[in-house]
Enquirer: 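What follows is a single structure, and I will ask about it in a moment.
Atoms within each ligand, like the ligands themselves, are counted from 1 in listed order.
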Amino acid sequence: MPDDRLNQITALGGAVVVLTGAGVSAESGVPTFRGEDGLWRTYRAEDLATPHAFAADPHLVWEWYQWRRELVAACRPNPAHEFIARLEREHGGEFLLVTQNVDGLHRLAGSEKLVEVHGNLWKVGCTSCGRSREDRTVPFPELPPRCDECGGLLRPGVVWFGEALPEAPLARALAAAERCELMLVVGTSAVVYPVAYLPQLARRAGAHVIEVNSDETPLTPLVDESWRGKAGEVLGKRL
Ligand code: OAD
């Protein structure tokens, strides 16, 4: 195990935040959004991931989410997820994983202290009665799926463009970013706000920020260390 700032800070029980994006799940087979084969290269977010798109064509939007649920259901955590879960388990100090991912792979790898600031593909919410619950049905027998309680239209439990992030998880993430001594930023293009603000906040508050990414991002010039490469390989070496 290398003797570097990550190990030094965790050995001393310093507060740690890990922030992840789609890149952490890429080696598990989950497509990213903005990479070469990224989802936003093929699909238009405006047609599929906005409240307006859902109001206009809930069936189309659900087809897309159903396809993603089927795809993710066949994916397993990779060594990057495993490393992050192990860091949480073995670290004595404060720890929070903030993920933008909706695939649920961190939890599957054993992460428990986590906030999913963009929601979760396995959650659904009723647009009529407001009930929200976990639902792992793949595929749904009928699209769009309906609420068991009131028959209302269900929506995916994810945050769409133009919507506010869930208040409590975001507040937890902001507070943790301000307090942490080390932030590990893994596999995010760091262009979607407010989450992209978290590493800047941490840096300004004096944290040591390490970026793990296969490419440069707008964050790269601002961080203390860049670990260039695939997250599963770079972090897997530390398992
Ligand atoms: P992006 O697709 O924007 O960025 C993925 C990042 O991961 C890029 O910087 C890649 O260079 C990097 N990457 C790709 N493969 C990698 C690997 N194997 N190891 C390490 N890095 C790798 O995904 P996000 O930053 O997560 O929002 O996107 C942020 C948000 O935009 C998403 O949560 C989603 C999307 O629209 C919502 O759905 C609300």
Enquirer: Please state whether the rings of Phe54 and Trp160 are parallel, tilted or perpendicular, taking 30° and 60° as the class boundaries.
Expert: tilted
Enquirer: Checking side-chain polar atoms at under 3.5 Å, does Glu225 have a donor or acceptor matched by the opposite partner on His208?
Expert: yes
Enquirer: Have a look at Asn120 and tell me which of His118, Glu116, Lys123 forms a side-chain hydrogen bond (donor to acceptor under 3.5 Å, both in side chains) with it.
Expert: Glu116
Enquirer: Tell me which protein heavy atom sits closest to atom 37 (C) of ligand 1, plus the residue, atom name and distance to 0.1 Å.
Expert: His118 ND1, 3.8 Å
Enquirer: Provide the number and element of each atom of ligand 1 under 4.0 Å from a heavy atom of Phe161.
Expert: 36 (O)
Enquirer: Which atoms of ligand 1 are found less than 4.0 Å from any heavy atom of Glu27?
Expert: 17 (C), 18 (N), 19 (N)
Enquirer: Just need the protein heavy atom nearest to atom 25 (O) of ligand 1, so name the residue and atom and give the distance.
Expert: Thr188 OG1, 2.6 Å
Enquirer: Pairs of nitrogen or oxygen atoms closer than 3.5 Å, one from Gly35 and one from ligand 1: do any exist?
Expert: no
Enquirer: Are any of the N/O atoms on Thr217, whether in the backbone or the side chain, positioned under 3.5 angstrom from an N/O atom of ligand 1?
Expert: no
Enquirer: Is there a side-chain contact between Pro199 and Leu222 in this structure, where contact means two heavy atoms from C-beta onward sitting under 4.5 Å apart?
Expert: no
Enquirer: Which residue supplies the protein heavy atom nearest to atom 31 (O) of ligand 1, what is that atom called, and how far is it?
Expert: Arg34 NH1, 3.0 Å
Enquirer: For residues Asp135 and Arg69, determine if any side-chain heavy atom of one lies less than 4.5 Å from a side-chain heavy atom of the other.
Expert: yes
Enquirer: In the protein, what heavy atom is nearest to atom 19 (N) of ligand 1, and what distance, to one decimal place, separates them?
Expert: Ala231 N, 2.8 Å
Enquirer: Do Pro31 and Asp37 have side-chain heavy atoms sitting under 4.5 Å apart?
Expert: no
Enquirer: Do Leu235 and Val24 share a hydrophobic cluster, counting only Ile, Leu, Val, Met, Phe, Trp and Tyr and linking them when any side-chain heavy atoms are less than 4.5 Å apart?
Expert: yes
Enquirer: For Trp40, which part has a heavy atom under 4.0 Å from ligand 1: side chain, backbone, both, or neither?
Expert: side chain
Enquirer: Looking only at protein heavy atoms, which one is nearest to atom 22 (C) of ligand 1, and how far off is it?
Expert: Ser214 OG, 3.1 Å
Enquirer: Which protein non-hydrogen atom lies closest to atom 17 (C) of ligand 1, naming both residue and atom, and how far is it?
Expert: Gly23 O, 3.3 Å
Enquirer: State, to 0.1 Å, how close Ala190 and Pro218 come at their nearest heavy-atom pair, and which atoms those are.
Expert: O-CG, 4.2 Å
Enquirer: Applying a strict under-4.5 Å side-chain criterion to I, L, V, M, F, W and Y, I'd like to know whether Leu6 and Ile9 cluster together.
Expert: yes
Enquirer: Spell out, as yes or no, whether a donor-acceptor pair under 3.5 Å connects the side chain of Thr127 to the backbone of Leu153.
Expert: yes
Enquirer: Would you mind running through ligand 1 and noting each atom that sits below 4.0 Å from a heavy atom of Gly229?
Expert: 19 (N), 20 (C)
Enquirer: I'd like to know if the side chain of Ser28 and the backbone of Val30 have a donor-acceptor N/O pair within less than 3.5 Å.
Expert: no
Enquirer: Considering only heavy atoms of Gly187, which atoms of ligand 1 have at least one such atom less than 4.0 Å away?
Expert: 5 (C), 6 (C), 7 (O), 21 (N)
Enquirer: Ala22 versus ligand 1: do any nitrogen or oxygen atoms come within less than 3.5 Å of each other?
Expert: yes
Enquirer: Taking only heavy atoms of Gly21, which atoms of ligand 1 are found under 4.0 Å from at least one of them?
Expert: 26 (O)
Enquirer: Against heavy atoms of Lys230, which atoms of ligand 1 measure under 4.0 Å?
Expert: 17 (C), 18 (N), 19 (N)
Enquirer: If you count heavy atoms of other groups shown closer than 6.0 angstrom to NZ of Lys113, is the number above 12?
Expert: yes
Enquirer: Which ligand 1 atoms are under 4.0 Å away from a heavy-atom of Ala26?
Expert: 15 (N), 18 (N)
Enquirer: Can you pull out the closest protein heavy atom to atom 12 (C) of ligand 1? Residue, atom name and distance to 0.1 Å, please.
Expert: Asn213 OD1, 3.2 Å
Enquirer: Which is closest to atom 29 (C) of ligand 1 in terms of heavy atoms, Gln100, Glu36, Glu116, Glu233?
Expert: Gln100
Enquirer: Parallel under 30°, tilted from 30 to 60°, perpendicular over 60°: which one fits the rings of Tyr43 and Trp67?
Expert: tilted
Enquirer: Ser25 and His81: side-chain donor and acceptor closer than 3.5 Å?
Expert: yes
Enquirer: Looking only at protein heavy atoms, identify the closest one to atom 32 (C) of ligand 1 and say how far it is in Å.
Expert: Phe33 CE1, 3.6 Å
Enquirer: Under 4.0 Å from a heavy atom of Val159: give me the atoms of ligand 1 that qualify, with their elements.
Expert: 39 (C)
Enquirer: Indicate yes or no: does an N/O atom of Val192 lie under 3.5 Å from an N/O atom of ligand 1?
Expert: no
Enquirer: Check this for me - ligand 1, Ser189, N or O atoms closer than 3.5 angstrom, yes or no?
Expert: yes
